[in-house]
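Below is one structure, written out as structure tokens; comments come after it.
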Amino acid sequence: MEEIKNSSLVKSLAESESDILRESIHEGHICDGCEIGPIIGTRYNSMVDSNYDLCGPCFTKTPTQHSYCKIEANDLPDKKKEVVKATHH
């Protein structure tokens with residue numbers, strides 16, 4: 001009986017993890033820094049060039065003076081986005 005409970009728990013955790021991962025994917029957006037797509041996690045969209053996106057790791061290491069819109073994959077289109085400015089050069 002214990003094995004059945006553990007099996008159900010593992011299956012439930014795997015489904016939850018899958019749902020979380022699916023919610024963090026930016027379909028149709030490729031990182032212009034590392035060219036990996038789709039972007040998973042936070043996406044940073046340039047306020048200067050609307051077709052320029054960075055993934056989280058590239059945003060932290062790419063030298064820039066531009067402002068970016070910080071977008072989570074599950075954000076609604078009409079949700080006000082946080083504007084962030086890279087502080088590294």
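Positions are given from 1 along the sequence.
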Asn45 side chain vs Ser50 backbone, donor-acceptor pair below 3.5 Å: yes
Cys55 and Cys34: which non-hydrogen atoms are nearest, and at how many Å? SG-SG, 4.0 Å
Do you know the tightest heavy-atom contact between His26 and Glu72? CE1-C, 3.5 Å
When rounded to the nearest 0.5 angstrom, what distance separates CD1 in Ile36 from SG in Cys58? 7.5 Å
Under the 3.5 angstrom rule, does the side chain of Asp53 hit a backbone N or O of His29 as a donor-acceptor pair? no
Gap separating the CG atom of Leu54 from the CD1 atom of Ile30, nearest 0.5 angstrom: 13.0 Å
Got more than 12 heavy atoms from elsewhere within 6.0 Å of CG, Asn51? no
Nearest 0.5 Å, what's the OG1-OH distance between Thr62 and Tyr68? 6.5 Å
Out of curiosity, does Phe59 fall in the hydrophobic cluster containing Tyr52 (side-chain heavy atoms, cut-off under 4.5 Å, transitive links)? yes
Closest heavy-atom contact between Pro38 and Ile25? CG-CG2, 3.6 Å
